[in-house]
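Treat the numbers as computed from the prediction; the structure is a model and nothing was measured.
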Amino acid sequence: MNMLSLWQRFCTPSRCLFLKTRGCCQYIVVRNVRRLCSLVLLNNALPLTSNLQYVPLNTAQKRCFSSKCDEVGHQHDDNVDVRVRFAPSPTGFLHLGGLRTALYNYIYAKKYGGSFILRMEDTDQNRLVPGTAKAIEDMLEWAGIPPDESPRHGGENGPYVQSQRLAHYTEAADTLVQTGMAYKCFCSQQRLELLKREALRSGQTPRYDNRCRHLRPEQVQEKLGQGVPHVIRFKLESGVEPFHDLVFGWNRHEVAQVEGDPVVMKADGFPTYHLANVVDDHLMKISHVLRGSEWLISTAKHLLLYRALGWKPPVFGHLPLLLNRDGSKLSKRQGDIYIQSFQTAGTLPEALLDIITHCGSGFNSNHIGRTIQELVSEFNPSSITTHSALLDLDKLPEFNRVHLQQHINDTEKCDWLVRELEVQIQKVYGTLDKDVLNTEYIKRILHLRKGHISYLSELVAPEYSYLWVRPSFCDQQMAAFDAVPEAEHIASLVIKLMESPVGGGELSVDLLTVELKSLAKKTGNTKYRDVMKTLRLAISGLQQGPSVAEMMVSLGPTEITLRFNRVLKRLSQLH
């Protein structure tokens with residue numbers, strides 16, 4: 001099999017070819033997403049790349065293929081001070097994709113005893129949205145993954161807003177120009193637009209033609225003297241070395257062959273992403289960069305910048321995309337993917353973190369109900385695959401139901417739920433009797449309904465109104481009572497039951513279910529089903545809801561007695 005046919009067969013986005021030495025022989029190793037394929041023995045083999053060129057491996061890279069190194073996975077060095085960062089642009093509010101990237105960084109930091117840094121990349125001043133920087137940090141704290149260093153909390157490597165770090169970028173850009181690794185470009189926007197149109201017309205990918213790279217020093221000085229606006233471009237050179245990505249394995253992209261020299265410093269004095277993230281990651285001592293896979297191709301460009309500045313690059317890991325269930329891209333135009341919308345809807349942050357990790361990879365187990373502590377302990381970077389994560393938000397209510405149940409079972413979190421529910425009750429029903437807003441009463445309702453509700457807000461919906469306000473019976477409902485010949489007798493039996501030792505003790509659903517069956521037998525000709533309908537109507541004014549026994553346990557003997565006395569009084573007025 002020749003080299004080209006081997007490439008065509010194996011080198012896809014989900015596979016990678018690289019060199020391995022065994023004894024005196026060299027092999028091409030095919031890395032699949034999940035496993036290593038068979039070794040293919042070649043004469044004088046060298047690794048292949050996406051541009052069909054050979055990639056020379058240096059000594060350090062060859063040494064990486066020792067018995068101490070996981071060829072397709074992750075190797076953590078305990079001597080490395082782990083520092084990871086989440087660096088959003090405050091041009092929009094935090095969405096699910098951003099939260100997932102932040103979460104993986106947070107988990108990685110906590111897994112290895114490191115630091116999680118939040119940095120605001122606001123160099124694109126024209127697209128900034130006021131208030132979003134604060135909102136992003138608010139949402140990270142709400143989600144339970146607060147940064148260790150951030151614009152709000154500060155830190156030793158601040159400031160953590162790029163617009164406040166311009167001197168660092170200017171110094172780096174000047175260094176690149178002075179060492180001949182960058183140059184001033186005076187091309188106008190009109191010329192750049194013409195280049196783009198011409199490329200598209202000829203079916204080529206638009207790219208800068210590097211024209212200003214070849215200006216003589218006197219030409220540069222002349223244009224500077226004339227005050228011609230300029231940007232600074234970085235010289236892309238061939239000979240990019242391959243790098244090992246924590247997720248995608250060995251990669252190499254000859255960017256100089258497909259791109260023009262990129263702008264690293266704009267005319268307004270602000271850097272582009274490429275320069276700013278390299279400078280900041282270096283100065284903030286970032287050890288690992290975990291970001292979306294859309295940046296994988298740009299990494300070669302960033303590594304060239306590291307080399308040009310004489311800095312050691314961090315370890316890179318590119319996370320697969322988070323997509324809709326049908327495989328389509330999550331759109332920021334969908335209002336429901338923003339974290340604030342989930343917060344407003346009553347989604348628990350734990351449920352949101354659970355579902356966006358449940359649909360992906362990187363954990364030793366995958367079950368609903370995982371806490372952030374469990375996510376950290378079960379995190380396994382070696383098991384992150386290149387497959388996109390398909391998010392099914394239709395399952396979110398089930399995740400929220402499980403986490404809500406866990407909250408109710410936790411004393412501290414249950415107290416928070418009680419306070420939150422009190423606010424919602426007052427918002428929907430206004431000022432109520434203190435007995436209704438009694439902490440123990442609300443806790444009892446939460447424990448009785450756990451496992452049945454997905455959101456706290458369900459308890460203030462009309463079908464649960466009987467818990468907070470006494471039903472007022474309309475003529476039609478009273479007619480329904482009157483249609484039951486033994487309605488008054490049934491009401492009297494319930495009152496007596498509530499006054500008995502059963503009512504005087506601690507009510508339970510199981511005990512009351514038995515007692516109600518006995519009560520129904522004490523009626524003359526009314527069927528058990530009709531007795532229950534009558535009780536439900538008297539208690540809630542509704543025809544559906546939880547079991548009658550649960551409704552009675554929720555309200556308690558005193559309130560049940562009061563409601564049935566009201567029914568007796570209304571019935572007496574009809575006769």
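Centroid-to-centroid, the aromatic rings of Tyr108 and Tyr104 stay 6.0 Å apart or farther. Taking the six-membered ring for Trp, Phe248 and His318 have ring centres at least 6.0 Å apart. Centroid-to-centroid, the aromatic rings of His358 and Phe399 come within less than 6.0 Å. In this structure, the ring of Trp295 has its center less than 6.0 angstrom from the ring center of Tyr273. Under the 6.0 Å cut-off for aromatic ring centres, Phe234 and His302 do not qualify, their centroids lying 6.0 Å or more apart.
Side chain to side chain, Arg291 and Thr101 fail the donor-acceptor criterion of an N or O pair below 3.5 Å. At a cut-off of 3.5 Å, with distance as the only test, no side-chain donor of Thr170 or Arg165 sits close to an acceptor on the other residue. A side-chain N or O of His403 and one of Asp354 form a donor-acceptor pair less than 3.5 Å apart.
Shown here is Gln125, whose CD atom has more than 12 heavy atoms of other residues, nucleotides or ligands within 6.0 Å. Crowding of Glu156 atom CD: a count of heavy atoms from other residues, nucleotides or ligands under 6.0 Å not exceeding 12. More than 12 heavy atoms of other residues, nucleotides or ligands shown are found within 6.0 angstrom of CD on Gln226. Atom CZ of Arg197 sits in a sparse spot, with 12 or fewer heavy atoms from other residues, nucleotides or ligands closer than 6.0 Å. Heavy atoms from other residues, nucleotides or ligands lying under 6.0 Å from CD1 of Ile297 number 12 at most.
The closest donor-acceptor contact from the side chain of His95 to the backbone of Gly97 lies under 3.5 Å. Side chain of Arg83 to main chain of Met284: a donor-acceptor pair is present (N/O by atom type, distance under 3.5 Å, no hydrogens or angles). Distance alone, capped at 3.5 Å, places no donor-acceptor pair between the Asp209 side chain and the Arg207 backbone.
Between Asn277 and Glu121, the closest side-chain pair of non-hydrogen atoms falls below 4.5 Å. Side-chain contact between Leu195 and Arg211 is absent, with no heavy atoms from C-beta onward closer than 4.5 Å.
Figure legend: cation-pi geometry between Arg252 and Phe243 absent, as NZ or CZ is not positioned both under 6.0 Å from the six-membered ring centre and within 45° of its axis.
Arg127 and Asp122 are not joined by a salt bridge, as no carboxylate oxygen comes within less than 4.0 angstrom of a charged side-chain nitrogen. A salt bridge does not link Glu149 with Arg85: every distance from a Lys NZ or Arg NE/NH1/NH2 to an Asp or Glu carboxylate oxygen is 4.0 Å or more.
A side chain to side chain contact (heavy atoms under 4.5 Å, CB included) with Leu283 holds for exactly one of Asp281, Ile286, Val279; it is Val279.
Looking at every heavy atom in both residues, Gly269 comes nearest to Leu166 through O-CD2, 4.2 Å.
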